Amino acid sequence: MTPPPLLEIRGLSKRFGGLVAVDDVNFSLASGETLGLIGPNGAGKTTLINLISGSITPTTGDILFEGRSIKDLTAFKRARLGIGRTFQIMKPFPGLSVLDNVAIGALFGTSETAKALRTARDEADQWLELMDLSRYADRRADELGGPDRKRLELAKAMAMKPKLLLLDEVMAGLNHVEINEVIEAIKKVRNTGISVLVIEHVIKVIQRLSDRLLVLHHGQQIVEGKPGVVLADPRVIEAYLGRRRA
Amino acid sequence: MTLRFKFILGVAAALMLATLPWFASPTLIQFGISTLLLATLAQGWNIIGGFTGYASFGNSEFFGLGSYGTAIAMVQWQLPFGVGLIFGVLLSVIFALVVGIPVLRLRGHYFAIATLALSQVMTAIVSNLEVAGRNTGLVLPLLNGDTLFYELSLAVLLLATLTVLWISNSRFGFGLIAIRENEDAAASMGVNTTLYKVLAFALAGVFSALAGGIHAYWITFIDPVSAFDLSLNVKMIIMTVFGGPGSVLGPVIGAFVLSGISETLSTEISSLANLFFGVVIVAAVVFMPRGLADLMRRFRKTGWRYFSENVKQHRL
């Protein structure tokens, strides 16, 4: 018998009044796999991430994590189970030092036992090193700029030691050089063996990172498969560029 | 400063304060009692307001419940003071849990408004309770022993400060700070935000109620209007913000300094005292919005620029 996938989405829908933001989405994510989620603006990508992380509750459908339904759990309980996320509009703890921002991830997250602050800071140190942020450890988080903030967001989420990491448009607002830096950072994250669900607008990024792609359009999933195949699919080109180009 | 030096300094300060009644005048002791109680209240507000970032106007309710709990137990049921104090704390904690769970869902101004309204409600409820002496209030048994009240107040303040010291270095405290800095991010990182907020509110309630109970027995008379006085809550906020919200010693220093200034002003120039007090507070908010604690930490590095930078940063 094969073990259940890490994450399984079954017939998931979310309705905001008359708008169906996510419409009957089904997919699963294996352990260690990186799934890219793409689609034009307003396709429902962020809504889907919010549904998985628990910021909002689905209208219908179910979310299974390690074979167990989590759709009725609050956000913090899902974080404890091992679902970490970053936010499209980043949410650092502005007044805290960069080190303590990450230490909070280590203190909480999936950690079962109450650990000492010192241990958490030591762990945070290691994540800062991996993310090339050590020299900013004592700075206030709101003093960081562009790509450093993105890396801090990654370090915070990774310090939680999640099994699944949800990345919501980490590249937004970065230039080409910075994008390459952050791609390297995400690759390091992926190499730790966790599963990643990544939302991205920049096709280059998603191509380089994902094992598999899922395309959303008007809340519905239109194509799923290997990156090369999916990006050549006429339905995907139509969704992005309109019918005439396809 | 090393940790050991800080520890020795803290113990020395506490011992010095503890020996004060043996050489100070009765007036100074009375001033000491009210300052220590105010510092305890400020420290309580620091937990919910300074660490968790919820600007509570409900802390004067905790104070009132502590006062009434102690008074009712002592006057109506003839129980000893200690039992009364515990009863007051219990009332306060129950209030924090019952009210906190719905009210702490509100954020920012709405939380402040909701807790503000509660103090009016409490005055109305207590004014109509037979056991609380309705409008006339209660008269507690007289105990002549300002030294005892002084030491008791000091002990409670020490307890509150040690609790805050623990908070500032613990997982619990970091959870509270995470909530203050960004509640959504805190939840997504695994902080049980509802539980933590309610616990912080209840903990603030414990210390405010202890101060209320001691105050009631010391003053020997309480009535609904003075027990649930909102201006007391405003004082807690001013003292904490002046000293440094979210720091360990800030609220205590804030309470000592502001009580001192206010007392001096009211003896020297009684009618203008409030005006000057107001000026001090406005100046403090403009020039050092993060409080004395932050000023002392950063002044050495930045010098006088500290003040101009604050003004610039907040576009005043």
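The sequence lines fix the lettering, A, B, ..., with proteins before strands; numbering per chain opens at 1. All values below come from the heavy atoms of this structure, side chains included, with hydrogens, waters and symmetry mates left out. Treat the numbers as computed from the prediction; the structure is a model and nothing was measured.
The shortest heavy-atom contact between B:Tyr196 and A:Phe108 is OH-CE2, 3.4 Å. Among all heavy-atom pairs drawn from A:Ala79 and B:Ser188, the shortest one is CB-O, 3.4 Å. The nearest pair of heavy atoms linking A:Phe93 to B:Ala178 is CE2-O, 3.5 Å. Residue A:Phe76 comes nearest to B:Val191 through the heavy atom pair CB-O, 3.2 Å, listed as atom of the first residue, atom of the second, then distance. For the pair B:Met189 and A:Asn101, the tightest heavy-atom approach, listed with the atom from each and the gap, is CE-O, 4.0 Å. Considering every non-hydrogen atom in both A:Phe87 and B:Asp184, the closest pair reads CZ-O, 4.2 Å.
Atom CZ of B:Arg107 sits in a crowded spot, with more than 12 heavy atoms from other residues, nucleotides or ligands closer than 6.0 Å. Counted within 6.0 Å of NZ on A:Lys91, heavy atoms from surrounding residues, nucleotides or ligands total more than 12; the atom is thus considered enclosed. Taking a 6.0 Å sphere around CZ of B:Phe7, one finds it holds 12 or fewer heavy atoms contributed by other residues, nucleotides or ligands.
Each of B:Gly173, B:Gly175, B:Ala185, B:Ser170 has some count of heavy-atom pairs under 4.5 Å with chain A, and the biggest count is that of B:Ala185. Of all the listed residues (A:Ala159, A:Ala116, A:Pro94), the one sharing the greatest number of non-hydrogen pairs under 4.5 Å with chain B is A:Pro94.
Annotation: the span from A:Leu96 atom CG to B:Glu181 atom CD amounts to 4.5 Å, rounded to 0.5 Å.
Using a 4.5 Å cut-off between heavy atoms, A:Pro92 touches chain B through its backbone atoms (N, CA, C, O) alone. With a threshold of 4.5 angstrom between heavy atoms, A:Lys77 does not approach chain B through any atom at all.
Among residues 47-61 of chain A, no residue has any heavy atom closer than 4.5 Å to a heavy atom of chain B. Against chain B, no residue from residues 187-195 of chain A qualifies, as none has a non-hydrogen atom under 4.5 angstrom away.
Pairs engaging residues 43-60 of chain B under the side chain to side chain donor-acceptor pair (under 3.5 Å) rule: B:Gln43-B:Asn46, B:Gln43-B:Thr161, B:Tyr54-B:Glu183, B:Tyr54-B:Lys197, B:Ser56-B:Asn59 [sequence neighbours left out].
In this view, A:Glu181 and A:Pro147, A:Arg151, A:Val177 satisfy the side-chain contact (heavy atoms from CB on, under 4.5 Å) rule, not counting sequence neighbours.
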